[in-house]
Every structure is written in structure tokens, then in C-alpha cells.
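Below: one structure, written as C-alpha cells.
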Amino acid sequence: MEKNKFYITTPLYYVNASPHIGHSYTTIAADCLSRFMRAQLGKDNVFFLTGTDEHGQKVQKAADAGGMSPQEFADQTVSHFKSLWEKLGISYDYFIRTTDKKHVDFVSRVLEIVYEKGDIYEDEYEGLYCTPCEAFWTKMQAGDSLCPDCKRPVELIKEKNYFFKLAKYQDWLIDHIKKNPEFIKPEIRRNEVLSFLSLNKLDDLCISRPKERLGWGIPLPFSSGHVTYVWFDALVNYISAVGDFNNKGEYSSRWWPADVQLIGKDILRQHAVYWPIMLKALGVELPKTIFAHGWWMLGDSKMSKSRGNVVNPLDMAEKYGIDTYRYFLLRDVPFGLDGNFSEEAIIKRYNSDLANDLGNLVYRTLTMIEKYYQGKIPEPGPRDEKTKEIYNKIASLPEKIKIALADYNFGLALEEIWALINLANKHVEETKPWNLAKENRAGELQSFIRLLADVIKKVSEVLYPFMPDTAEAIKAQFGETEIKKGKPLFPRIET
RNA sequence: CGCGGGGUGGAGCAGCUUGGUAGCUCGUCAGGCUCAUAACCUGAAGGCCAGAGGUUCAAAUCCUCUCCCCGCAACCA
């Protein structure tokens, strides 16, 4: 994450359903990193891309069901995503839609280039097809010759399709992953991909769908009877959003290659296998890192629409506050591992970390400034050893956070911040400022209060990428010279 | 024998690579303090580290086997 620019992407969210906690998780993580990197590199040197994937069968079916055109349907879902991101304070730089004209043209160009290169060929596709579900199944999936979805019989059908030569690049990809330990993170996912690639022979990827079966997609430039397979279309967004091909088919971009592409572990294969091979075929550089995070589970079960246990991020943000929601997601579970989501867990985090530790430190400090210094933040006083030690901690905090985030360890970064908060709370106990006041030890009291104010100012500064509103609120309470006390930031939630 | 991850005080986790007093957060209990949101600080209780065997002076940590839980297993985002 060094260098002078930082390009980060989220996956393109598929518009067949409304946003859930998983979407918000990836996007909040990306937002946090973007805000952090803007502070490091300057606003103009960071590019944060998100957007929506809008083609394909599922969208068409959902649109049909709602009596809309696919485009109308997509427009509607896109507005849900956009308003959610606005509510959650997501600072994306660009929102790409795969139905954008630029993207459609770009995909077309990509297909031409790969086709001309000879990495796309025509062949007969044979598979087990379930007509009512409009889906193909593998032999394994439909072992009993019944559709795993609807349990009706599948039939073997053949159709003409276009294939992308994945297999040709298999060894190259294995080699790339082995040589670049940073390419797939965390390590567990890297090992997973590596073992998958080593143990299985890749089949070429079918990248077309006959128009009569699926009309909602980008037409293949070399076959009027087919549209592009959604993944082949969608993945290209990461480069279509930020660059162009010249007439020789060479790609150039100020931002590409991406510094990190955040994804959920469910779409690892597409991003760690298909995507790099597509780029290789195009002669375009590979992203530096693909980071696959874990899933949020509800109790013991996976979150899924069919089980009716989907968590609506907007409800959570409204109920507990945007920053609480952001804090919870980034702090409660290590990025990369699965986590358990529950409102009890949010409340626990809220009360212990936000209300008791941070909120209380801020509030007690404000009270003391009000009481002992009439609301004016005192000048620094003489520093004893303990005070110097705490100032050293303040000074070293940003570097610790930088190290933690360089490893995508949001939880550790927040723990570092809380270590300072807890140290300050402890310091109050040890110093007993109420005694200093009674005993007229003005110098010590002044130095002490100023220290607390300085701790809080630093905390609000480093907290900004994680909890922007809270950082602003604290900043507003602690002015240059005066304070504005107001209400507690995080009133306890009584249970 | 398909591949992979995991089983550590009431809950959630760290420690295992490079063996040597079992650590953190929350919860519980007791005390302290009063600037503070019954918040803060200190202390205590609580674990034969899934089970069995082995290596070693010494194993949560290395080796073998067993049991249990969870993902993945390819054109459906």
C-alpha cells in the first residue's frame, strides 16, 4: 500500500436483490481504507470504485416477475444501493453500472481483443438443463437427474457456444500465485486456490449464452446470436471504469492495477482464477492483492433470503447509529474470518467500547474542562515521566494503525486506538484530578487536563476512517481553545 | 481414505511456525474512587487447552490415531 496512488474496488453487486449486511461489510471496509489512504496520499491520489452488475438471467427473471424491463428493474435496485451508501457515509469516487454505455463498449472491445488473439473459440456445449429454472447443472449437482432447485427432471441438451481458454493459462496462474504471496489474501484463501488449481484441471469457460435463452446481456461482437456470460462482463468493470484501450489494443490507466480488490469468499474463484487469466489474455497487469473476507452468520446458519434471516443494514444503522454499525463490523471479527451477527453483540460492543470507554472518557474530560477551566482548554503544563510516556503513545499511534491496516487488520487498528483510550481512563484514576484541584496543585492539574484533551484530539483524528461522524462530533466538541460539551456521544443502552 | 478450516475457564477469541509460569475481551463476584453515561480503576473466582497414544528433562504447542463441528467440490453473481 505504499506508492503514490491507491486504487481499491468492491465487487459489483448483483442487482437481483436488495443490499444486505454482506454488501455493506465489504463496502464499509473499502470506505475505511479509502479514507485512511486519502489522509496518507492526498485526496486526489485515491480511487474507490463500487457499482452494480446488472446483466444476466436472474435479473431478467426478477424483472419479468415484477412486470418491468430489466433496465427499469436494475434502475430501481441501483437506487436502493446508492441511497444505502449515502446513508452509511460511503465515500466512493465512482459508481459503475455494467449497463453504462462505456462499459458495454469496453466489454465488446475486450471480447474482440481476446477473440483476435485466439483465446476464444466456438464449440458445442453439452449439459444437463432444467427448462423451468433455466439453469444448467453439473453431473455432480444433478446426480439423480433431478434439478437440485426444483426437483424436476433435467434433460441433456447441446448448444453452440463460445469458450474462453482458461486451461491454457493454468500453469502460468499457479506460478504467479506462488511467486506473489500478496496476490491472494488471507493466506487460507491463497492455499485454497492453490490447492484447487493444483488438484484439478481447469475446463475452458463458457462465456456466451444463446440469445433465445437469455436476451439481457452484452452482445458478442463476433456472433449476433449470443450475449456475454455475466461474469465475463462484470469482472471487466475494474478496468473499464478507470482506463481505455488504444487502437492497438493496449490498455492504459492512471489507476490500474488495483492496489486491492475486496471480495467476499463466495466469489473467490471468479476473482482469483477467471479474472487474472482474463487480464493475462488481454495483456493487462494483474491487481496487486485480492482480499477475500469472511461471512456474517446469523446464529449457526448462513444468511440467506430463502431462510428469511437477512439483516437489513439500514435498519441496524438507524437503530444503533451508522458509526456504531461500522465500528461493530470492523471491530468484532477479524477481517477474513466468518463472524456471528446479532443485535446483542452490537449492544455489547456499543456499551463497553463506545459508551463506557470512548464516550465516557470524552464526557468526563469535557466536564473537567468546564469545571476547572471554565470551558477553555488549558495550555500545556510541565510534564512528568508518566505524562511524557503518554505523549509518546499519542505520537506513535498513527504508525501502529498504518501497520495494522497495511495488513487489512481493522480490528487490531481499533484495538490500538482503544489501548490509548483505556490508558487515559486509567491515568485519570491514578492522577486523581479532583484532589489536585482541592490541593491547589494548578500546574499538575493543567498539564493533566491538557494531556487528556490532546489524547482525545488524536483519537478523533485516527478514528476518522472508521467512524467519520464520531470523529467530526468530537472535533466539534474540542475546539482550538474552547470546548462545547453537549450531550454524551454514546448514551448507554439499557438492556 | 476428495480438499480445507476449526474444537482452549460461562460466551467470543489469541497462543501452536521457532516446545519450558495458559493470555485477551465480555460476563460473574469483592473492593476503591467520584471528574464521568450505576460509567472509571484495582483485585478475585473459574480451564486436566475435544479424546487416546507417542517423542522429550519438558507439549495447548511436534508425531500418530479417534470423535465432533463448519466450509468448498467448477458454466446457477
Side-chain angles (χ1 to χ4, degrees), chain A residues 11-17 52-59 98 125 127 129-130 133-138 140-141 147-149 161 163-164 166 188-189 191-196 198-209 229-235 263-270 273-274 294-295 297 300 302 331-334 337-340 344-345 348-349 351-372 411 415 418 422 424-437 448-449 452 487-494:
Chain A
L12 289 203
Y13 303 120
Y14 202 55
V15 295
N16 73 330
T52 44
D53 176 9
E54 307 183 11
H55 292 121
Q57 182 176 281
K58 285 192 171 180
V59 173
T98 55
Y125 180 78
Y129 189 70
C130 173
C133 291
E134 297 177 31
F136 274 103
W137 301 100
T138 60
M140 190 99 67
Q141 289 166 315
C147 170
D149 235 20
N161 265 313
F163 290 80
F164 172 54
L166 276 190
I188 167 185
R189 304 269 93 99
N191 293 340
E192 204 174 293
V193 173
L194 221 38
S195 85
F196 166 74
S198 311
L199 293 169
N200 300 278
K201 215 172 156 349
L202 284 177
D203 282 339
D204 289 341
L205 182 68
C206 179
I207 56 151
S208 67
R209 297 291 181 272
Y229 168 49
V230 278
W231 271 110
F232 199 93
D233 156 5
L235 287 165
I263 59 170
K265 67 176 186 178
D266 48 333
I267 50 175
L268 181 62
R269 177 153 310 147
Q270 288 82 350
V273 180
Y274 303 166
W295 275 339
M297 320 286 274
D300 291 328
K302 190 171 140 185
R331 172 68 182 81
D332 208 55
V333 168
L337 300 185
D338 290 351
N340 276 299
E344 291 72 41
K348 215 165 169 181
R349 279 287 169 202
N351 276 340
S352 71
D353 298 359
L354 300 180
N356 297 355
D357 295 343
L358 173 61
N360 186 49
L361 174 66
V362 169
Y363 202 66
R364 71 201 301 201
T365 302
L366 288 168
T367 304
M368 286 189 269
I369 294 175
E370 202 163 62
K371 186 163 179 175
Y372 301 133
E415 277 175 43
W418 256 256
N422 292 334
N425 271 326
K426 190 180 291 191
H427 187 56
V428 175
E429 243 32 68
E430 286 164 356
T431 310
K432 304 193 196 320
W434 47 93
N435 287 345
L436 296 182
F448 166 79
I449 298 289
L452 286 188
K487 293 248 159 61
L489 291 169
F490 301 98
R492 263 186 82 85
I493 298 172
E494 299 306 331

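Proteins get letters first, then strands, A, B, ... in listed order; numbering begins at 1 in each. All values below were derived from every heavy atom in this structure, side-chain atoms included, with hydrogens, water molecules and symmetry-related copies excluded.
Rounding to the nearest 0.5 Å gives a distance of 14.5 Å between NE2 of A:His55 and CZ of A:Phe232. Of the inter-residue distances, the one linking A:Arg349 atom CZ with A:Asp357 atom CG reads 10.0 Å to the nearest 0.5 angstrom. Atoms SG and CZ, on A:Cys206 and A:Phe164 in that order, are 13.0 Å from each other to the nearest 0.5 Å. Within the model, atoms CG of A:Asn360 and CG of A:Leu489 stand 11.0 Å from one another, a figure rounded to the nearest 0.5 Å. Between atom NZ of residue A:Lys265 and atom CD of residue A:Glu192 there is a gap of 8.0 Å, rounded to the nearest 0.5 Å. Rounding to the nearest 0.5 Å places CG of A:Asp266 at 5.0 Å from CH2 of A:Trp295.
Nucleotides B:U18 and B:C1 place their P atoms 30 Å apart, quoted to the nearest Å. If you take atom P in B:C16 and the same atom in B:A60, they sit 14 Å apart, rounded to whole Å. Nucleotides B:A59 and B:A22 are separated by 13 Å at their P atoms, to the nearest Å. Between B:U8 and B:G46, the distance separating the two C1' atoms is 14 Å to the nearest Å. Look at the C1' atom in both B:A14 and B:G6: the space between them is 14 Å, to the nearest Å. Taking atom C1' on both nucleotides, B:C62 is separated from B:U17 by 11 Å, rounded to a whole Å. Taking atom C1' in both B:U61 and B:C49, one finds a spacing of 10 Å when rounded to whole Å. With both ends at atom C1', the span from B:U21 to B:G47 equals 15 Å, rounded to whole Å.
Following rounding to the nearest Å, A:Lys265 (NZ) and B:C70 (P) show an atom-to-atom distance of 13 Å. In this structure, the CD atom of A:Glu415 is 8 Å from the C1' atom of B:U25, given to the nearest Å. Whole-Å rounding puts the A:Ile188 CD1 to B:C3 P distance at 16 Å. Rounded to whole angstrom, the span from the CZ atom of A:Phe163 across to the C1' atom of B:A74 amounts to 13 Å. Atom CG in A:Asn191 sits about 11 Å away from atom C1' in B:G5, given to the nearest Å. Rounded to whole angstrom, the span from the CZ atom of A:Arg349 across to the P atom of B:U25 amounts to 11 Å. Atoms CZ (A:Arg331) and C1' (B:C26) sit 11 Å apart, rounded to a whole Å. Protein atom CZ of A:Arg269 is 12 Å distant from nucleotide atom C1' of B:G4, rounded to whole Å.
Stretches of at least 3 consecutive Watson-Crick or G-U wobble pairs, with each checked distance under 3.5 Å, appear in RNA chain B as B:2-7 with B:67-72, B:10-13 with B:23-26, B:28-32 with B:40-44, B:50-54 with B:62-66.
A residue-by-residue look at A:Gly56 and A:Asp332 shows that A:Asp332 has its nearest nucleotide of RNA chain B further toward the 5' end. Comparing A:Leu12 and A:Tyr274, the nucleotide of RNA chain B nearest to each residue sits closer to the 5' end for A:Tyr274.
In this structure, the side chain of A:Asp53 does not engage the main chain of A:Val230 through any donor-acceptor pair within 3.5 Å.
Salt-bridge annotation for A:Glu429 and A:Lys426: absent, with no side-chain N of the basic residue lying under 4.0 Å from a carboxylate O of the acidic one.
The two residues A:Thr52 and A:Leu12 have their closest heavy-atom pair at O-CD1, 3.6 Å. Between A:Thr98 and A:Ala234, the shortest heavy-atom contact is CG2-CA, 4.1 Å.
Base contact: A:Leu202 has a heavy atom under 4.0 Å from a base atom.
In this structure, A:Tyr229 reaches the B:C76 phosphate: one of its side-chain N or O atoms is under 4.0 Å from OP1 or OP2.
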Problem - Under 4.0 Å protein heavy-atom contacts per nucleotide of nucleotides 27-42 of chain B, with B for base, S for backbone only and - for none - result: -----BSSBBB-SBSS
